[in-house]
There are 2 protein chains.
Amino acid sequence: MDASIELLDISGESGLTFRALCERLATGPGAIYWHIANKSDLMTAACDAIVARMMGANVAGATPKATIRAVALGVFDAIDAHPWVGSTLTSPAGWLPMVRILEPLGQQVRALGVPDKEQWATVSALLHYILGVGGQNAANGQLARTQGLDRGDFLEAVATMWAQLDPHEYPFTRSLAGQVRAHDDRMDFLAGIDLILRGIDSPRRR
Amino acid sequence: MDASIELLDISGESGLTFRALCERLATGPGAIYWHIANKSDLMTAACDAIVARMMGANVAGATPKATIRAVALGVFDAIDAHPWVGSTLTSPAGWLPMVRILEPLGQQVRALGVPDKEQWATVSALLHYILGVGGQNAANGQLARTQGLDRGDFLEAVATMWAQLDPHEYPFTRSLAGQVRAHDDRMDFLAGIDLILRGIDSPRRR
DNA sequence: ACCTGAACACCGTTCAAGT
DNA sequence: ACCTGAACACCGTTCAAGT
């Protein structure tokens, strides 16, 4: 498991190869297949190890909203440190690691007094926002690293691309180009969380 | 392009193969590589074709919120019909198809009067929620199809799995098990959109 | 019960050679 | 300018054979 995570961290999903793993463990593919069913299971197990480790660090005693923010930031940082976790989490096979995140979010949503009927849509919004932004952020970081750019260079490249879009067809995205240069990933991420939390507070109409 | 989309629809990302595509087009790999750089570009182009086709169907004249809901449902249904679009959209290479969705959302967010500084976090929340739930829904559908289950059987299987979780460690997820059997994917999806829209309406604190 | 390692059936991609 | 198709360097996975 440790060897798999190391390989994934070094060079992503394509870096985890049965041949590379065999070399690392000084063994043959048959030995590995004795313990796991296939590569998908191996990825899920590696992902689950990361998620379980991260969730274990959570503390109790804070307010529901503070706990939600803490869980969100924990997932964000974990995906940032292990970019492959993002895509593995959302892959159909990986429902168990996902439940590990869904559970604490759900507990806090319930503590906030959201009625039973609306709890699923609420956790759903939180969960997918967290995984979505986390995954995007990690993918950006990896793409930048692949092209040998630092964060500033990368944002500059994105801003330039967006600024070159057709002004008639893409007025909004173009207007974003300026902001993107100076933005703070974690702060913007938290602003989105707070937006959803405000939606939870606000009364439903029908 | 049409042949690629057909292959992807039939058997997902692993179904699009240069060999399968060559057979379909009665040609060799060299001919394909003359027109595209690699498989990643091919996937992105196929994805962009689907997204462009979908966004073209959008009508003007509705209220901002109605338009946001329409775009959201359009993406949801497109991913449901072409499950591979979900993962391709969120892959780092596919920023152009993503901008096609971001743009109309942003225009409506702006029309709702969201201040400049908060527009990015707002579209971000909408976009990632839409792509996240859409992708999850499509992945579930595909997983069900792979195992030869219909929707009811699949939800039953998920409910059973969740109901078997440790009651002390997973009280929330367990309590969801009952609801999941009777839920409506599209309705729950829209409930999440409305939650975020309420967050947009509600005043910021600081 | 667990490991070895050759072999199988694939991949994406390249490139000299053709038209 | 565009296509052909053999070849290269890989994959995940299996399975008879060992200990």
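If you're wondering where the values come from, they're calculated on a predicted model, not measured in any experiment. Lettering follows sequence order; numbering is per chain, from 1.
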Rounded to whole angstrom units, what separation is found between the CG atom of B/Asn38 and the P atom of C/dC11? 17 Å
To the nearest Å, give me how far apart CD (A/Glu23) and P (C/dG5) are. 14 Å
Tell me which residues in residues 26-37 of chain A put a heavy atom below 4.0 Å from DNA chain C, sorted by number, or none. A/Thr27, A/Gly28, A/Pro29, A/Gly30, A/Ala31, A/Trp34, A/His35
For the residue pair A/Tyr33 and A/Phe18, categorise the inter-ring angle as parallel (less than 30°), tilted (30 to 60°) or perpendicular (more than 60°). parallel
SB check B/Arg69 B/Asp194 (cutoff 4.0 Å): yes
Can you measure from [atom1] ([X]) to [atom2] ([Y]) and round to the nearest 0.5 angstrom?
X: B/Glu23; Y: B/Thr17; atom1: CD; atom2: OG1; answer: 11.0 Å
X: A/Ile68; Y: A/Thr122; atom1: CD1; atom2: OG1; answer: 9.5 Å
X: B/Leu96; Y: B/Arg100; atom1: CG; atom2: CZ; answer: 5.5 Å

Would you write out the dot-bracket form of DNA chain C, 5' to 3', with Watson-Crick and G-U pairs under 3.5 Å, [ ] for crossing pairs, | for pairs to other strands and . for unpaired bases? ||.|||||...|||||.||
For the residue pair A/Ile130 and A/Phe189, establish whether any side-chain heavy-atom pair is separated by less than 4.5 Å. yes
What closest approach, in Å, do A/Gln107 and B/Glu169 show between heavy atoms, and which atom pair accounts for it? NE2-O, 4.1 Å
Do you know the tightest heavy-atom contact between B/Gly199 and A/Arg198? O-NE, 3.4 Å
Let's see if you get this right: which residues in residues 3-22 of chain A place a heavy atom under 4.0 Å from DNA chain D? A/Leu16, A/Thr17, A/Phe18, A/Arg19
Side-chain donor-acceptor contact under 3.5 Å, A/Arg24 with A/Ser4: no
Sub-6.0 Å ring centroid separation between A/Tyr129 and B/Tyr129: no
Using the P atoms only, state how far C/dA17 lies from D/dC2, rounded to an integer number of Å. 22 Å
